[in-house]
Protein chains: 2
Amino acid sequence: MERSRTSEADLRRAILDTARHLLVREGYKSLTMRRIARAIGYSATAIYLHFDNKDALFHALIEEGMERLYAAFREAVARHPDDPVQRLQALCRAYVAFGLDQAEYYEIMFMAHPEHMERYPAEKYRRARRNLDLLAETLADGHARGMLDAPEPRVGASIVWSSLHGAVSLLLAHRVDVRIAPEVFIHAAIAHTIHGFLPVREAPGIPPDIPPALPFADGAWKRFFGGDGEAA
Amino acid sequence: MERSRTSEADLRRAILDTARHLLVREGYKSLTMRRIARAIGYSATAIYLHFDNKDALFHALIEEGMERLYAAFREAVARHPDDPVQRLQALCRAYVAFGLDQAEYYEIMFMAHPEHMERYPAEKYRRARRNLDLLAETLADGHARGMLDAPEPRVGASIVWSSLHGAVSLLLAHRVDVRIAPEVFIHAAIAHTIHGFLPVREAPGIPPDIPPALPFADGAWKRFFGGDGEAA
DNA sequence: ATCGTAGCTTAACAGTGTTAACCTCTCGTG
DNA sequence: CACGAGAGGTTAACACTGTTAAGCTACGAT
């Protein structure tokens, strides 16, 4: 139809833009090949000339999302160059804000079912890793200054991510107790995430460190981790 | 075919069992109406005589899953009737163990896309709420004894859930950094979750409480929460 | 003996992702 | 300039999906 917009070979660009818009405006379930094609005035199969399959299109969108999140993260870091705790808090806020504000982006980035991610090349998660690195550096900084208890920043960064991801995904799925105001929940989630890295004081009945050793006696998750050792 | 098993009108039971087995053995994507039907020797439409639609079948499975989780939770509570911190830890372990051991159950219970949950009657989440109640009671107990800092147990319970859910869902999606051993990550996630409720000590540059007021200056997530006020 | 209906069937619809075959038009080379 | 190659697009089709409409069969009650 009005094919003037995609005059050159940047149809790939048009596909991605349309996919993103469709995702944001119509929602996840409306993101189908035929619908994208119809929106840009091409046939569905034309998409396959630029993307191997729907997964590949998803991966491209995920990379874009990671880039956006990274931009938000860097801005948060730049805003608090001195205080690592404040910086950590700014990062947490940036993450939650990104997740709620760009909900559909977040969904395909972090909530897409593993089935879609099977063929995902682990290579491409480098962009995602940069975001974790910013968290790890902040934790390491705070640990060095004695303000945060994060002896293993890399693990700590994943914990921060994991904790915030839980909050965002439950919010997006509307699974949080209705009697709790969203703002309260968000504030509590961020506070708890940071709180978990603050040094503890001795108190009655509290071991200096949460118990040691293996978290489970029996091999509960062995079945799960038995099959494949790689992740991303 | 061999329809002797479903001699009576408990075909509903057979559908649920088959769906669960199929889910566990073949994975999420193989859980289709036709496949379930074929497995029990009925036609696909026969399922619609016992369930309104696929969502309703999912809901039934979710309720079963919630029941199982509740059983595991009650066992954890019974094992540590005295120490709330130990009890909280046992609950955390039970949750993670359930998530990893019954991965497919966990997926439809907590990771199914909101699209599937649109028509879900909020009423039915009462079973889910009981699990949160056990967490809340434990937090309240610990708070009363000065061992845990959880002034609002109901919020705290959701935070615990949220935190663990993040860990489990990232593990199930194989999204955790490959350089971190799963056992290490799991232990750190549980430890951090509990740690977040331990009283802090004064330290250089750390405010007594993580900052007050609204977590965001601009109305970042307003678009998200603007539309619908109900959740579940 | 007949009617109603519970319980199940087949046929069909509107979708989905994806592939194969074809068509057209431009561009580099003999 | 003529021509073959191939880039970039098309339609038709396959094997699926959830779901609905219509029809069949057999049994229990009147």
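Distance A/Ile15 CD1 to D/dG9 P: 8 Å, rounded to the nearest Å. When the P atom of C/dT19 is taken as reference, atom NZ of A/Lys54 falls 14 Å away, rounded to whole Å. Protein atom CE of A/Met33 is 15 Å distant from nucleotide atom C1' of D/dG9, rounded to whole Å. Counting to the nearest Å, the C1' atom of D/dC16 and the CD atom of B/Glu26 are 16 Å from each other. Rounded to a whole Å, the CG atom of A/Asp10 is 15 Å from the C1' atom of D/dA7. The distance between atom CG of A/Leu49 and atom C1' of C/dC23, rounded to the nearest whole Å, is 13 Å. If you take OH of A/Tyr48 and P of D/dC14, they are 17 Å apart, rounded to a whole angstrom. Note: CG (B/Asp55) to P (D/dT19) measures 7 Å, nearest angstrom.
Applying the 4.0 Å criterion to OP1 and OP2 of D/dT11, one finds that A/Ser43 has every side-chain N and O outside that range. Put simply, A/His50 has no side-chain N or O that comes within less than 4.0 Å of OP1 or OP2 on D/dG8.
Toward the 5′ end of DNA chain D lies the nearest nucleotide of A/Ala46, the other residue of the pair A/Ala46 and B/Leu31 mapping further downstream.
Looking at A/Arg130 and A/Glu67, a side-chain N of the basic residue comes within less than 4.0 Å of a carboxylate O on the acidic one, giving a salt bridge. A salt bridge between A/Asp17 and A/Arg13 is present, with a side-chain N of the basic residue lying under 4.0 Å from a carboxylate O of the acidic one.
When the shell of 6.0 Å around CD of B/Glu64 is examined, it contains more than 12 heavy atoms from other residues, nucleotides or ligands.
In this structure, CZ in A/Phe98 is found 13.5 Å from CG in A/Leu164, a value given to the nearest 0.5 Å.
You won't find any donor-acceptor pair under 3.5 Å spanning the side chain of B/Thr45 and the base of D/dT19, going by distance alone. Evaluation of atom-type donor-acceptor distances gives no pair under 3.5 Å for the side chain of A/Arg34 against the base of C/dG15.
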